Protein chains: 2
Amino acid sequence: MSRTGKAASLKPRKAATQMRASRTVEAIVEAAARILETVGMEGYTTNAVAARAGVSIGSLYQYFPNKDAITVALIEREAALLLTQVNEAAAEPEWKAALKLMITAAVRHQLSRPVLSRLLDVEEARLPTRDEAAPGSGAIFKVVRAVIARAMPATALPGLSSVVEQLASDVIGITRGMTDMAGRRHEADGLDLALRVENAVCGYLFSALKQMNSHDLHAP
Amino acid sequence: MSRTGKAASLKPRKAATQMRASRTVEAIVEAAARILETVGMEGYTTNAVAARAGVSIGSLYQYFPNKDAITVALIEREAALLLTQVNEAAAEPEWKAALKLMITAAVRHQLSRPVLSRLLDVEEARLPTRDEAAPGSGAIFKVVRAVIARAMPATALPGLSSVVEQLASDVIGITRGMTDMAGRRHEADGLDLALRVENAVCGYLFSALKQMNSHDLHAP
DNA sequence: TTGAGACATGAGTTAACGCTCGTATTTTCC
DNA sequence: GGAAAATACGAGCGTTAACTCATGTCTCAA
């Protein structure tokens, strides 16, 4: 099993310089994804990944120092994909429209490979939290936070940033929770699901904003 | 590792008749919980569970045919705990009040042992889905569904039951997603979180009901 | 008291899996 | 062409962890 305790680096062991090498690396990462999707963690072994990728176990370890490094690479690949979409959505000036676009992007992404998304989500929590740095879910969280900050009332309350943090966390939680459930139910219609998530998120944000405003009026 | 392929039964191997035996079984299940909470799946081994329970590995295998059986027993223990609370909440005649009580119960339950809840949730998805039978999450789902059905407009639409199914799924997803997130952020105030979840769930349900009513008026 | 069965023990068996290393092949560059 | 570097290979090593089994101890009814 894993050499527990040996916190080896999770960065690639050697950078691929030739083209066949990058093809090998990409094949390994995609093989990891397909194994996780079809067999789950149960069959997610380095030997199986190498076999599915059509490369030898030796080649695998030439580019990844250990098994977790493969998982990290896969997580970062998927996060980068989603981050691109989310960033585009955040460019929309109207915060509400931006939020809706972000929701659609998140739903589409998670519903495109639901099993993989769920497993990677779990693994991400388990692995050494190099939260920031590199396009990880930390980056996505920041974008969501920034968009929600735009929805805040003009008057600067004390401790507003932690409220925004919480709202962003809740919005992401709602989205993930609903999409997870839909994935387990084998829902296919991403558009319908996105609308439902929009309803939930907007309903929640409006009631939160209303409460903030009433506090704002009564307290000072 | 696991003897992959051997789909042994997950039921207890032998029923405990004497009192010391039931104490042993309970100690094993609770030890499994504590290991999962403190070390995670990484250190969740049968030898570690036996050691933490203060019994020998042989005793463990006298009552559980394999490792998964321990996990299943733990899942059922936790689900039964929550189911009791949820059933009490469902007794409330006002559907909205019932829903709020159920949310409070779910939040309190999940926030009481957040790491354990999350891990068990993942394991439950992985294990052979004996969904129904015994107080499992299937039973909890049914209760939620029944409460939401009470909120439906009197006019019986076609395909209403599948809509209710979807609403229940969404409500559970919202609750789980928000509570998961809160657990990861180490939130401690369950009351505050429960209020936020109520806002999200009620906001979502109202908008869904409104849409159903407008369809109802325009279509017949 | 005593015997039978319930319960407890832990060293040992076995298979799997992460990972290494010595060797072979391909690419690059002069 | 040929040397050197990059890439590929896969048998095998070491460890881990699920699970067994032979043996010992406790409980309780008769």
Side-chain angles (χ1 to χ4, degrees), chain A residues 1-28 31-32 35-36 39-73 123 126-127, chain B residues 1-28 31-32 35-36 39-73 123 126-127:
Chain A
M1 289 237 84
S2 63
R3 271 83 148 80
T4 53
K6 302 224 178 182
S9 79
L10 300 176
K11 303 270 86 180
R13 168 171 290 176
K14 186 199 287 187
T17 64
Q18 298 181 7
M19 193 174 47
R20 74 175 159 156
S22 359
R23 255 186 276 126
T24 298
V25 169
E26 177 50 31
I28 289 169
I35 296 243
L36 282 174
V39 201
M41 289 297 299
E42 182 80 6
Y44 182 48
T45 72
T46 52
N47 294 287
V49 169
R52 176 78 71 112
V55 306
S56 73
I57 184 65
S59 293
L60 187 151
Y61 278 98
Q62 210 151 50
Y63 300 104
F64 298 95
N66 51 52
K67 189 183 173 185
D68 283 346
I70 303 171
T71 316
V72 167
E123 287 300 281
R126 184 184 65 80
L127 292 169
Chain B
M1 290 232 86
S2 62
R3 270 86 148 78
T4 54
K6 303 224 175 178
S9 79
L10 299 177
K11 303 270 84 182
R13 166 172 289 177
K14 184 199 289 187
T17 65
Q18 298 181 5
M19 193 175 47
R20 73 175 159 156
S22 357
R23 255 185 277 129
T24 297
V25 169
E26 177 51 29
I28 289 168
I35 296 247
L36 283 174
V39 200
M41 290 297 299
E42 180 82 7
Y44 183 48
T45 72
T46 53
N47 295 287
V49 169
R52 177 78 70 115
V55 305
S56 72
I57 184 66
S59 293
L60 187 153
Y61 278 98
Q62 211 152 51
Y63 300 103
F64 298 95
N66 51 52
K67 188 182 170 183
D68 283 347
I70 303 172
T71 315
V72 168
E123 286 300 280
R126 184 184 64 82
L127 291 168

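Just so you know, these numbers use all the heavy atoms, side chains as well, and skip hydrogens, waters and symmetry mates. Here is how names work: the chains are called A, B, and so on, in the same order as the sequence lines, proteins then strands, and each is numbered from 1. Treat the numbers as computed from the prediction; the structure is a model and nothing was measured.
B/Ile28 places its CD1 atom 14 Å from the P atom of D/dC19, with the value rounded to the nearest Å. Distance, B/Arg23 CZ to D/dC26 P: 14 Å, rounded to whole Å. Distance CG (A/Leu60) to P (D/dC9): 11 Å, rounded to an integer number of Å. One can place CD of B/Glu42 at 11 Å from C1' of D/dT16, the figure rounded to the nearest angstrom. Atom-to-atom, CD1 of B/Ile57 to P of D/dA18 comes out at 8 Å; the value is rounded to the nearest Å. Between the CG atom of B/Asn66 and the P atom of C/dT14 there is a distance of 20 Å, rounded to whole Å.
Nearest-nucleotide positions on DNA chain D for B/Gln62 and B/Lys67 put B/Lys67 closer to the 5' end. Sequence order on DNA chain D of the closest nucleotides to A/Ser59 and B/Gly58 puts A/Ser59 first from the 5' end.
Across every non-hydrogen atom of A/Ala32 and A/Tyr44, the tightest pair is CB-CE1, 3.9 Å. The shortest heavy-atom contact between B/Val49 and B/Ile35 is N-CD1, 4.1 Å. Minimum heavy-atom separation, B/Leu60 to B/Ile28: CA-CD1, 3.7 Å. Taking all atoms of both residues into account, the shortest heavy-atom contact from A/Ala21 to A/Tyr63 is CB-OH, 3.4 Å.
Put simply, B/Thr24 has a side-chain N or O that comes within less than 4.0 Å of OP1 or OP2 on C/dA8. Residue B/Tyr61 places at least one side-chain N or O closer than 4.0 Å to OP1 or OP2 of D/dC19. For C/dT9, one of the phosphate oxygens OP1 or OP2 lies less than 4.0 angstrom from a side-chain nitrogen or oxygen of B/Ser56.
Atom OG1 of A/Thr24 and atom CD of A/Gln62 lie 9.0 Å apart (nearest 0.5 Å). Within the model, atoms CE of B/Met41 and OG1 of B/Thr71 stand 7.0 Å from one another, a figure rounded to the nearest 0.5 Å. A distance of 11.0 Å separates OG1 of A/Thr46 from CG of A/Asp68, quoted to the nearest 0.5 Å. Here the straight-line distance linking atom OG1 of A/Thr45 with atom CD1 of A/Ile57 works out to 7.5 Å at 0.5 Å rounding.
Near-neighbour residues of DNA chain D inside residues 45-55 of chain B, defined by a heavy atom below 4.0 Å, number-ordered: B/Thr45, B/Thr46, B/Asn47.
Legend: residues meeting side chain to side chain contact (heavy atoms under 4.5 Å, CB included) with A/Glu26, ordered by chain and number and at least two apart, are A/Glu30, A/Arg77.
At the heavy-atom level, B/Phe64 lies nowhere under 4.0 Å from the strands shown.
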What N/O pairs connect the protein and nucleotides 2-6 of chain D at under 3.5 Å? Give each pair on its own line.
residue, atom, partner, partner atom, Å
D/dA6, O3', A/Thr17, OG1, 3.3

